[in-house]
Amino acid sequence: MGQSREHLIMVLRSERTRKQQKRVEERVLSGKCLGTTRDGAECLEKATRRGLCDKCYQQMTSAMNKLSQEDRAAYEARLISAGVLLADREVLRIKDKSVFKRLA
């Protein structure tokens, strides 16, 4: 397969709904994790990487390590479109107040 992982993610990624995007932006701006606990409640920990706290990030990477590269890219794309994982460097676009940088 000659395609890079990032290319596969961009191809497979679908957009978030407005409601999901609003939740993502609110959680990012408040520094909260986008993940959920085992019982489905929102995680209240501080986000450290790609919108997740250390515990949620570890759970996500553990699940991804069991998948093939293609399945991993599809899984990551589904998490991004569901609003439970940020795309690479997306936090910078959300936190930057400059309309020119956000829309670039």
Side-chain angles (χ1 to χ4, degrees):
M1 194 139 295
Q3 297 177 332
S4 69
R5 178 174 162 267
E6 290 80 16
H7 177 71
L8 287 171
I9 290 169
M10 293 306 293
V11 169
L12 296 170
R13 182 177 178 205
S14 62
E15 294 297 316
R16 295 181 190 123
T17 64
R18 285 186 180 148
K19 183 178 178 180
Q20 288 171 327
Q21 187 63 28
K22 183 179 178 186
R23 176 191 171 270
V24 167
E25 289 176 4
E26 288 172 353
R27 305 260 322 156
V28 167
L29 292 173
S30 66
K32 300 287 184 194
C33 177
L34 295 173
T36 59
T37 61
R38 291 188 187 269
D39 61 356
E42 288 189 337
C43 182
L44 300 175
E45 298 296 317
K46 181 180 180 338
T48 57
R49 287 184 273 183
R50 297 193 64 188
L52 299 174
C53 67
D54 290 332
K55 184 176 180 180
C56 291
Y57 187 82
Q58 183 62 33
Q59 290 174 349
M60 186 254 326
T61 56
S62 177
M64 287 178 70
N65 288 337
K66 298 174 186 173
L67 303 173
S68 69
Q69 185 175 5
E70 292 82 15
D71 290 341
R72 195 176 308 157
Y75 177 64
E76 188 172 342
R78 286 193 308 271
L79 292 175
I80 292 169
S81 67
V84 294
L85 180 67
L86 296 178
D88 192 31
R89 296 183 185 95
E90 185 176 1
V91 71
L92 299 174
R93 288 191 302 273
I94 292 173
K95 288 186 173 184
D96 195 333
K97 301 297 184 202
S98 169
V99 68
F100 304 109
K101 287 186 179 179
R102 281 186 289 130
L103 297 177

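Remember, predicted model here, so these are calculated numbers, not experimental data.
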Pairs of donor and acceptor atoms involving the side chains of residues 56-68, under 3.5 Å and at least two apart or interchain, shall be tabulated with distances.
from  : atom 1 : to    : atom 2 : distance (Å)
Thr61 : OG1    : Tyr57 : O      : 3.2
Thr61 : OG1    : Gln58 : O      : 3.0
Asn65 : ND2    : Thr61 : O      : 3.2
Ser68 : OG     : Asp71 : N      : 3.3
Ser68 : OG     : Asp71 : OD2    : 3.3

Specify the closest pair of heavy atoms between Cys53 and Cys33, including all atoms of both residues, with the distance to one decimal.
-> N-SG, 3.2 Å
Please say which of Leu34, Ile80, Leu79 ends up in a side-chain contact (heavy atoms from CB on, under 4.5 Å) with Arg50.
-> Ile80
Who are the side chain to side chain contact (heavy atoms under 4.5 Å, CB included) partners of Val28, not counting sequence neighbours?
-> Val24, Leu86, Val91, Ile94, Lys95
Across all chains, not counting sequence neighbours, the side chain to side chain donor-acceptor pair (under 3.5 Å) partners of Asp39 are Thr37
Listed partners of Glu26 passing side chain to side chain donor-acceptor pair (under 3.5 Å), at least two apart | none
When every non-hydrogen atom of Gln20 is compared with those of Arg16, the smallest separation belongs to OE1-CA, 3.4 Å
Sequence neighbours excluded, the answer for side chain to side chain donor-acceptor pair (under 3.5 Å) partners of Thr36 is none
With sequence neighbours left out, the residues meeting salt bridge (charged side-chain N to carboxylate O under 4.0 Å, His left out) with Glu45 are none
The complete set of salt bridge (charged side-chain N to carboxylate O under 4.0 Å, His left out) pairs with one or both residues in residues 52-63, sequence neighbours excluded, reads Arg49-Asp54
Taking all non-hydrogen atoms of both residues into account, name the closest pair between Ala47 and Lys32 and its distance.
-> CB-O, 3.6 Å
CZ on Arg72 to CD on Gln69, rounded to 0.5 Å | 6.5 Å
